[in-house]
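Notes follow once the structure below has been shown.
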Amino acid sequence: MPLEIQDSEVDIVIAALQPNLTTFFEAWRPFFSRFHIIVVKDPDMAEDLQIPTGFDLKVYTKSDINGVLGSSSINFSGHSCRYFGYLVSRKKYVISIDDNCLPAKDTAGLTVDAVAQHMANLKTPATPFFFNTLYDPYRKGADFVRGYPFSLREGVECMLSCGLWMHNADYDPMTHVVKRNQRNTTYVDAVMTVPLGAMLPVSGINVAFNRDVLGPAMFPGLRLRKEGKHRWDTLEDIWNGLCAKVVCDSLGYGVKTGLPYVMRSDAEAGKALESLKDWEGVKIMDDVLPFFQSLKLSRTAVTVDDCVKELAGIVREKLGPKNAIFTKAADAMVEWNNLWKAHGAQNA
């Protein structure tokens with residue numbers, strides 16, 4: 001049966017990487033105004049934020065981050081500042097959308113309520129153990145197809161909802177350079193559960209999750225040596241998503257992808273060439289994907305916290321010797337685990 005999610009159980013977390021958020025918040029006002037909002041200002045940004053009135057929100061700045069975390073070695077600058085919002089939230093669910101995204105329109109021309117769709121994804125079961133060819137069987141107009149085992153039709157709880165983007169797709173710098181004028185105009189009206197054992201690149205641009213359960217696994221672990229402020233300069237969300245998927249698979253939870261879409265600005269799309277020469281993500285992913293595809297956590301890891309600690313140890317042992325960046329990622333995972341116990345847990 002679907003879960004009930006109350007508005008009071010949801011935090012919307014926004015990483016502020018640009019000072020003027022007026023256009024962003026006005027566009028999202030019909031969908032954000034009934035929820036509590038956490039805005040985390042990039043600690044590297046000096047300008048004051050411009051946010052319109054009429055929202056129930058709390059802004060966190062560099063001084064707030066330093067005041068809570070003290071001498072943490074985790075770098076919360078750039079897109080990673082959103083994870084501080086995950087840490088200080090006290091709601092059961094978190095929805096996070098990048099500040100260069102606006103509401104998209106569906107194939108009928110209607111404005112998409114991304115918040116409502118994320119909530120729908122999280123409150124209905126996921127089906128990771130057997131793929132349903134009509135995608136999400138819990139959506140209106142769909143069901144389980146012939147041959148789908150009745151013993152699996154109750155599904156499992158969905159912990160992570162991965163939305164998509166219209167216009168400026170989330171490409172790596174090489175693809176941006178080669179297809180600099182290409183924009184995503186295809187709206188696929190579908191939600192699907194990612195099968196057990198299948199990995200996916202989770203984009204932090206448009207994502208939602210069950211913070212109560214999955215929070216200890218939603219961390220800024222892997223940081224590139226020359227990480228910048230553009231999405232293609234980073235892999236923190238990709239690494240985080242791979243770790244979260246392994247944890248969900250191990251504990252019997254589900255991950256969904258597809259709807260909702262957001263409309264992503266292409267203001268930065270022409271700058272990808274700047275990152276091309278120094279981008280080390282290609283080699284890193286060549287090492288990372290086989291590692292995660294073959295990874296099995298032990299049966300003694302029965303909580304998300306257990307899984308993260310065990311996963312950090314395996315990363316250090318198996319990937320650390322290949323590249324120091326993985327050792328630092330393992331260190332960050334352990335530190336995040338400790339920060340979550342001290343500041344992120346409901347009783348912290």
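A donor-acceptor pair under 3.5 Å is formed between the side chain of Lys245 and the backbone N or O of Ala198. With hydrogens and angles disregarded, a donor-acceptor distance shorter than 3.5 Å links the side chain of Tyr261 to the backbone of Val188. Here the side chain of Lys123 pairs no donor or acceptor atom with the backbone of Ile5 at under 3.5 angstrom. Put simply, the side chain of Asn132 gets close to the backbone of Val145: a donor and an acceptor are under 3.5 Å apart. Within the 3.5 Å criterion, the main-chain N or O of His79 finds no donor-acceptor partner in the side chain of Asp42. With Glu310 contributing its side chain and Leu297 its backbone, the two residues share no donor-acceptor pair below 3.5 Å. For Lys92 (side chain) and Val213 (main-chain N/O), no donor-acceptor pair under 3.5 Å exists by modelled atom type. At least one donor-acceptor pair under 3.5 Å links the side chain of Glu335 to the backbone N or O of Ser73. Distance alone, capped at 3.5 Å, is enough to place a donor-acceptor pair between the Asp306 side chain and the Val302 backbone. Distance alone, capped at 3.5 Å, places no donor-acceptor pair between the Asn210 side chain and the Leu214 backbone.
Contact annotation: the side chain of Leu87 approaches that of Leu69 to within less than 4.5 Å [non-hydrogen atoms, C-beta and beyond]. Residues Trp28 and Val262 form a side-chain contact, since some pair of their non-hydrogen atoms from C-beta on lies under 4.5 Å apart. Residues Asp11 and Arg211 form no side-chain contact, since every pair of their non-hydrogen atoms from C-beta on lies 4.5 Å or further apart. Considering only heavy atoms from C-beta on, Phe25 comes within 4.5 Å of Val39 through its side chain. Looking at heavy atoms from C-beta onward, Asp189 lies out of side-chain contact with Asp106 at the 4.5 angstrom threshold. In this structure the side chain of Asn337 reaches within 4.5 angstrom of the side chain of Asp305, judged on heavy atoms. Taking 4.5 Å as the limit, every side-chain heavy atom of Met199 sits out of range of all side-chain heavy atoms of Leu295. For the pair Ser96 and Tyr86, the minimum side-chain heavy-atom distance is below 4.5 Å.
Distance check, rounded to the nearest 0.5 Å: CD1 of Ile12 to CD1 of Ile95 gives 5.5 Å. Once rounded to the nearest 0.5 Å, the distance linking CE of Met166 with CG of Leu102 reads 13.5 Å. Atom CG of Asp98 is separated from atom CD of Gln18 by 10.0 Å, given to the nearest 0.5 angstrom. Between the CG atom of Leu259 and the NE2 atom of His118 there is a distance of 10.0 Å, given to the nearest 0.5 Å. Rounded to the nearest 0.5 angstrom, Ile37 CD1 and Ser89 OG are separated by 12.5 Å. Taking NE2 of His343 as the reference point, atom CG of Asn338 lies at 10.0 Å (rounded to 0.5 Å).
Side-chain heavy atoms closer than 4.5 Å link hydrophobic residues (I, L, V, M, F, W, Y) into clusters, and following such links, possibly through other members, connects Leu200 to Leu311. Note on Leu289: it clusters hydrophobically with Val247, by side-chain heavy-atom contacts below 4.5 Å among ILVMFWY residues. Hydrophobic clustering, with ILVMFWY side chains joined whenever heavy atoms are under 4.5 angstrom apart, keeps Phe326 apart from Val334. Cluster membership check: Val40 shares its hydrophobic cluster with Val68, using side-chain heavy-atom separations under 4.5 Å among Ile, Leu, Val, Met, Phe, Trp and Tyr. Hydrophobic cluster membership is shared by Val315 and Ile284, with clusters built from Ile, Leu, Val, Met, Phe, Trp and Tyr side chains linked at under 4.5 angstrom.
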Exercise. Given Val156 and Phe129, is the side-chain contact (heavy atoms from CB on, under 4.5 Å) satisfied, shown in steps?
Worked result: CA-CA 9 Å; Val156 300; Phe129 305 120; 3.5 Å; yes
For this session: Assess whether side-chain contact (heavy atoms from CB on, under 4.5 Å) is satisfied between Cys307 and Leu251, documenting all intermediate values.
Result: CA-CA 9 Å; Cys307 290; Leu251 297 180; 3.9 Å; yes
Problem set entry | Worked verdict on Asp172 versus Thr175 for side-chain hydrogen bond (donor to acceptor under 3.5 Å, both in side chains) | CA-CA 6 Å; Asp172 54 53; Thr175 308; 2.9 Å; yes
For this session: Just do the side-chain contact (heavy atoms from CB on, under 4.5 Å) check on Met159 and Val255 with the steps written out, would you?
Result: CA-CA 6 Å; Met159 289 296 159; Val255 175; 5.9 Å; no
Problem set entry | Trace of the side-chain hydrogen bond (donor to acceptor under 3.5 Å, both in side chains) decision for Lys105 with Thr111 | CA-CA 4 Å; Lys105 292 187 181 297; Thr111 304; 3.0 Å; yes
For this session: List the steps, then state whether side-chain hydrogen bond (donor to acceptor under 3.5 Å, both in side chains) holds for Asn20 with Thr22.
Result: CA-CA 6 Å; Asn20 191 343; Thr22 302; 2.8 Å; yes
Problem set entry | Verdict with reasoning, Arg82 to Val207, per side-chain contact (heavy atoms from CB on, under 4.5 Å) | CA-CA 12 Å; Arg82 68 193 176 105; Val207 69; 4.0 Å; yes
Problem set entry | salt bridge (charged side-chain N to carboxylate O under 4.0 Å, His left out) assessment of Arg316 paired with Asp331 | CA-CA 8 Å; Arg316 190 187 315 279; Asp331 292 341; 2.6 Å; yes
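Considering every non-hydrogen atom in both Ala16 and Leu49, the closest pair reads CB-CD2, 3.9 Å. The two residues Pro125 and Lys256 make their nearest non-hydrogen contact at O-NZ, 3.1 Å. What you find for Arg223 and Ser80 is that their closest heavy atoms are NH1-OG, 3.3 Å. Nearest heavy atoms, Lys62 versus Pro43: CD-O, 3.6 Å. Of all non-hydrogen atoms in Ala27 and Pro103, the two that sit nearest each other are O-CG, 3.5 Å. The two residues Ser72 and Phe76 make their nearest non-hydrogen contact at OG-CE1, 4.3 Å.
The closest side-chain donor-acceptor pair between Asn121 and Gln117 falls under 3.5 angstrom. A donor and an acceptor atom, one from each side chain of Asp64 and Thr61, are located under 3.5 Å apart.
Residues Phe131 and Tyr148 place their aromatic rings such that the two centres sit no closer than 6.0 Å. Checked against the 6.0 Å centroid criterion, the rings of Trp239 and Phe292 qualify as a close aromatic pair. Between Phe35 and Phe32, the ring center distance fails the sub-6.0 Å criterion.
Taking the six-membered ring where the residue is Trp, Trp336 and Tyr83 present perpendicular rings, their angle passing 60° and hence far from 30°.
Cation-pi geometry between Lys91 and Tyr93 is not satisfied (NZ or CZ under 6.0 Å from the ring centre, within 45° of the ring normal).
For Lys322 and Asp286, the salt-bridge test fails: no basic side-chain N is under 4.0 Å from an acidic carboxylate O.
Residue Lys309 places its NZ atom among more than 12 non-hydrogen atoms of other residues, nucleotides or ligands, all under 6.0 Å distant. Taking a 6.0 Å sphere around OH of Tyr135, one finds it holds 12 or fewer heavy atoms contributed by other residues, nucleotides or ligands.
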